[in-house]
Amino acid sequence: MRLLSPQLGEGFLFNSNKYPEAPKKAAFASLNYPKEDMMAENEKYEESKLYRVRHSAAHVMAQAVLEKFPKGKVAIGPPIEDGFYYDFDLPRPLTPEDLEEIEARMREIIKNDSPFVREEVSADQAREIFADQPYKLELIDGLEKGGEDEHGNPTDEAQIITIYKDDQFVDLCRGPHVESTGKINPKAIKLMNVAGAYWRGDEKKPMLQRIYGTAWLTPQDLKQYLWRLEEAKKRDHRKLGRELDLFSISDEVGAGLILWHPKGAMVRHIAERFWEDEHLAHGYDFVYTPHIGKAQLWETSGHLGFYAENMYSPIEIDNQKYYLKPMNCPFHIEIYKSDIRSYRDLPLRYAEKGTVYRYERSGVMHGLMRVRGFTQDDAHHFCAPSQMPAEIDFVLSFSLHILRSFGFQEIKAYLSTRPEKSVGDPKQWEDAEEALEAALKRSGLPYDVDEGGGAFYGPKIDLKIKDALGREWQLSTIQFDFNEPERFDMTYIDEDGQPHRPYMIHRALMGSIERFFGILIEHYGGAFPVWLSPVQVKIIPIADRHNDFAFEVADELKKAGLRAEVDDRSDRMNAKIRDAEKAKVPYMLIVGDREMEEKQIDVRRRSRERLGAMDVAAFKALALEDVANKVEG
RNA sequence: GCCAACGUAGCUCAGCGGUAGAGCAGACGCUUCGUAAGCGCCAGGUCGAGGGUUCAAAUCCCUCCGUUGGCUCCA
């Protein structure tokens with residue numbers, strides 16, 4: 001179905017199923033549009049009018065809330081992506097009705113068109129103004145002390161304390177704001193929901209009530225944003241997972257544990273088969289390792305020291321404690337250590353789709369995206385230091401090849417460097433970081449550097465993709481490890497006949513296969529590319545007398561490796577087409593009297609495009625070409 | 001784990017103190033049909049679990065489990 005997004009006008013047609021003839025870029029742009037279109041090119045969000053509008057809307061909302069709850073305490077209220085929020089400490093939980101009331105009051109305040117007035121004050125003046133606002137007082141202390149901004153984050157500069165007044169409200173705030181409340185378009189704001197949030201994000205501190213709102217420059221923009229939310233809801237992998245019968249999660253089995261249904265398992269199987277072929281073609285060896293390992297192993301690896309809170313309780317077997325594995329690396333290392341390694345053996349690349357179990361707190365599970373048991377497409381590279389730059393180059397380009405094959409074209413890299421606390425020789429760190437950055441430069445990928453953002457055991461590159469809705473997801477990670485080779489005393493014998501320490505790289509491309517599947521579902525809205533579709537062809541006989549011929553066609557297609565099914569129910573053709581469309585089967589082949597007569601089939605795509613009658617051989621060639629080229633039809 | 005909302009048929013939802021309802025899906029029967037829903041009939045629920053209030057609880061209260069939106073954490 002073609003959806004016309006509201007208020008978009010020419011050039012912003014969005015096709016809900018992302019069919020091949022749909023202009024892909026336009027589809028992306030329409031979903032993606034907000035920041036890009038709302039702001040002048042290269043303008044920073046923080047300096048945009050939109051940012052000021054949202055910040056100002058937060059103040060207006062705070063006033064409305066305080067009017068309703070005069071004893072309420074306010075915390076902070078910044079603009080965020082797509083809107084703003086404000087945290088409150090209130091005598092009772094807010095209800096949806098409260099939000100409506102607050103929103104209505106906001107519109108009145110906006111109508112007053114009262115100016116935002118900035119004032120610089122001393123810390124003591126500020127304390128007087130906010131005498132009954134404990135959270136503000138805490139912020140003022142931080143500002144006065146310096147080294148902390150209004151969010152409590154460290155800063156270099158001493159802070160000037162400023163307040164902003166508008167209408168009946170005054171807030172401790174750095175600004176900036178719009179000139180007056182009237183600059184906020186009352187028809188372009190909406191309060192979205194209430195959620196709990198810890199004061200300063202610290203779970204030991206009080207839980208506040210956070211009201212999320214959205215604000216835009218025009219009502220059209222708001223409408224567009226709400227439409228985008230709707231679209232995301234339609235593509236929600238949990239909803240599609242049920243509708244397309246891909247997977248489920250059973251209370252009986254347990255939260256965060258995924259059951260892959262035949263259709264979902266087929267997609268996974270195809271994806272894994274591709275993954276396997278590519279790995280074998282690129283110098284990897286496959287390994288298989290068990291799900292549990294002795295406590296001593298996890299002591300040696302350090303997991304019981306630094307990862308214990310994510311691990312499940314031990315299982316006791318013959319007076320020995322065993323742990324369910326949260327990672328695969330110790331096993332791969334043991335395989336490495338099972339023999340003496342020569343520099344001639346290196347690099348070694350051990351790959352395994354290893355299923356790991358990690359404890360997740362009960363409130364954080366989310367469909368396939370956040371689970372307690374998942375399979376990593378893991379691999380560990382072991383190489384001599386001299387081989388390291390080439391190895392990085394290889395693994396980065398291999399990662400990109402895999403991601404692009406699944407239809408993710410927009411990829412961004414994040415390089416994380418040495419944190420303050422780290423293990424390993426600084427020279428090694430430098431070499432590794434240099435190699436990572438050089439490889440990034442050669443790849444031509446856009447990348448950001450997160451100084452000090454690496455793990456204590458090594459620097460890393462993370463790859464994030466943008467999906468069809470413009471949302472970023474981290475998939476791949478390529479991590480150096482200076483820790484485990486040391487802990488396990490890994491060595492190889494170099495040309496000099498002496499043992500040397502190898503370099504070790506962990507990498508996962510899809511990351512978690514469960515999560516990757518979830519992202520694929522949402523990216524494609526359930527309409528997988530032909531090569532991944534669990535059912536690629538549905539053959540639809542018009543009447544019972546066409547069934548035999550339909551099965552003949554199916555057999556021929558199956559022999560060619562295509563996944564074809566016949567819908568031989570006694571329903572009308574229209575109903576069969578509808579069901580096949582809903583199942584997002586890429587091709588429907590209609591067979592009736594005419595086709596049987598001519599030994600042909602009538603081809604229809606899920607995009608509703610009709611390719612017309614053709615020979616089975618012609619269709620087979622066409623479909624196989626789509627599979628080979630991984631087209632998204 | 002924390003805050004809030006929500007758990008009624010396989011799915012989506014109505015009912016919100018007086019003996020459980022719809023649509024879709026399913027079974028069966030009729031229909032054999034040209035590019036997104038043919039018709040009829042049947043079956044299906046200890047209303048998430050446990051406790052309490054009441055003459056009476058899906059409905060009100062408490063506890064637990066789960067889900068959703070956030071917080072924190074993270075693949």
Side-chain angles (χ1 to χ4, degrees), chain A residues 1 80 85 87-90 92-96 98-99 192-212 233 236 238-239 242-243 245 248-252 254-256 307 309-310 326-327 356 358-378 462 464 473-477 479 506 508-516 518-519 540-547 568-583 588-595 602-606 608-613:
Chain A
M1 179 169 42
I80 51 172
Y85 69 79
D87 288 344
F88 304 94
D89 191 347
L90 301 174
R92 66 165 176 84
L94 290 162
T95 64
D98 292 332
L99 286 197
M192 303 302 286
N193 58 337
V194 188
Y198 299 109
W199 168 234
R200 293 192 150 176
D202 183 343
E203 60 182 308
K204 289 179 196 74
K205 298 211 162 110
M207 173 75 64
L208 307 172
Q209 294 192 68
R210 172 172 299 178
I211 304 179
Y212 282 97
K233 228 187 230 173
D236 189 311
R238 293 165 300 181
K239 180 177 144 78
R242 154 130 288 295
E243 288 173 2
D245 199 14
S248 65
I249 299 166
S250 159
D251 288 359
E252 297 293 312
Y307 206 72
E309 70 277 12
N310 290 298
M327 293 188 192
V356 297
R358 299 183 185 174
Y359 173 70
E360 292 291 350
R361 305 216 264 175
S362 63
V364 306
M365 258 86 75
H366 180 87
L368 294 172
M369 303 302 191
R370 193 73 184 276
V371 297
R372 283 180 170 161
F374 60 96
T375 302
Q376 292 181 306
D377 67 319
D378 210 356
D462 292 327
K464 297 189 186 180
W473 299 95
Q474 187 192 321
L475 294 177
S476 311
T477 185
Q479 307 188 347
H506 307 252
L509 274 28
M510 305 187 231
S512 147
I513 295 181
E514 282 73 6
R515 184 161 169 276
F516 186 78
I519 294 164
I540 299 176
I542 291 178
D544 289 351
R545 63 178 176 280
H546 310 122
N547 284 359
D568 62 347
R569 297 173 303 170
S570 72
D571 275 300
R572 290 177 59 210
M573 175 198 65
N574 280 337
K576 296 180 186 181
I577 289 176
R578 183 181 145 86
D579 287 348
E581 292 274 0
K582 285 209 309 185
M588 278 148 270
L589 308 185
I590 315 293
V591 297
D593 291 334
R594 290 204 295 268
E595 288 73 22
D602 196 280
V603 183
R604 176 197 161 107
R605 286 190 208 264
R606 61 187 163 191
R608 301 173 81 175
E609 184 190 0
R610 288 180 60 178
L611 301 183

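Because the structure is a prediction, the values reported are computed rather than measured. For the numbers below, each heavy atom of this structure counts, side chains included, while hydrogens, waters and symmetry mates do not. The chains referred to below are lettered A, B, ... by the order of the sequence lines, with proteins before strands, and numbering in each begins at 1.
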Taking N and O atoms by type only, does the side chain of [X] place a donor or acceptor under 3.5 Å from a partner on the base of [N]?
X        : N      : result
A/Arg545 : B/rU32 : no
A/Tyr198 : B/rG1  : yes
A/Glu595 : B/rG34 : yes

Looking at every strand, decide which applies to [X] at a 4.0 Å heavy-atom threshold: base, sugar-phosphate, or nothing.
X        : result
A/Asn310 : nothing
A/Val371 : base
A/Phe516 : nothing
A/Tyr359 : sugar-phosphate
A/Asp602 : base
A/Gly592 : base

Complementary nucleotide of [N], counting Watson-Crick and G-U pairs under 3.5 Å:
N      : result
B/rC2  : B/rG70
B/rA36 : none
B/rG17 : none
B/rA27 : none
B/rU46 : none
B/rG7  : B/rC65
B/rA22 : B/rU12

How many Å lie between [atom1] on [X] and [atom2] on [N], as a whole number?
X        : N      : atom1 : atom2 : result
A/Lys576 : B/rU31 : NZ    : C1'   : 12 Å
A/Trp473 : B/rA75 : CH2   : P     : 14 Å
A/Glu203 : B/rC74 : CD    : C1'   : 13 Å
A/Asp462 : B/rA75 : CG    : P     : 8 Å
A/Arg210 : B/rC2  : CZ    : C1'   : 13 Å
A/Ile513 : B/rA75 : CD1   : C1'   : 12 Å
A/Glu360 : B/rC2  : CD    : P     : 16 Å
A/Arg372 : B/rC74 : CZ    : C1'   : 13 Å

| field | Value rounded to 0.5 Å, distance of CG in A/Asp377 from OG in A/Ser476 | value | 7.5 Å
| said: Working to the nearest 0.5 angstrom, can you tell me the gap between A/Asp378 CG and A/Ser512 OG? | reply: 11.5 Å
[atom1]-based separation of [M] from [N] [nearest Å]:
N      : M      : atom1 : result
B/rU68 : B/rU12 : C1'   : 16 Å
B/rG48 : B/rA14 : P     : 14 Å
B/rG1  : B/rC74 : C1'   : 15 Å
B/rA58 : B/rC2  : P     : 29 Å
B/rA57 : B/rC16 : C1'   : 10 Å
B/rG69 : B/rC30 : C1'   : 48 Å
B/rU19 : B/rU35 : C1'   : 50 Å
B/rU59 : B/rG7  : P     : 11 Å

Should [X] and [Y] count as side-chain neighbours, where that means a heavy-atom distance under 4.5 Å?
X        : Y        : value
A/Phe516 : A/Leu509 : no
A/Val371 : A/Arg358 : no
A/Glu243 : A/Lys582 : no
A/Met588 : A/Glu581 : yes
A/Arg604 : A/Ile540 : no
A/Arg92  : A/Thr95  : yes

Compare the minimum distances between each of [options] and the side chain of [X], then state the nucleotide with the smallest one.
X        : options                : result
A/Arg515 : B/rA75, B/rA36, B/rU72 : B/rA75
A/Arg361 : B/rC71, B/rU72, B/rA36 : B/rU72
A/Asp544 : B/rG34, B/rU32, B/rA75 : B/rU32

Salt bridge flag under 4.0 Å for residues [X] and [Y]:
X        : Y        : value
A/Asp571 : A/Arg578 : no
A/Arg238 : A/Asp236 : yes
A/Arg594 : A/Asp602 : no

| task | Mind checking salt bridge (charged side-chain N to carboxylate O under 4.0 Å, His left out) for A/Asp87 and listing every partner two or more places apart, or none if nothing turns up? | result | A/Arg210
| request: Spell out protein contact along nucleotides 3-14 of chain B as letters: B when the base is contacted, S when just the sugar-phosphate is, - when no protein heavy atom is under 4.0 Å; keep the 5' to 3' order. | output: BS-----SS---
| field | Sugar-phosphate or base contact per nucleotide [nucleotides 37-45 of chain B; S, B, -; heavy atom under 4.0 Å] | value | BS-------
| Could you go step by step and tell me if A/Gln479 and A/Thr477 meet the side-chain hydrogen bond (donor to acceptor under 3.5 Å, both in side chains) rule? | CA-CA 6 Å; A/Gln479 307 188 347; A/Thr477 185; 3.2 Å; yes
| Upstream residue (5' side of RNA chain B) when A/Met369 and A/His366 are each assigned their closest nucleotide | A/His366
| Earlier contact from the 5' end, RNA chain B, for A/Phe374 and A/Met573 | A/Met573
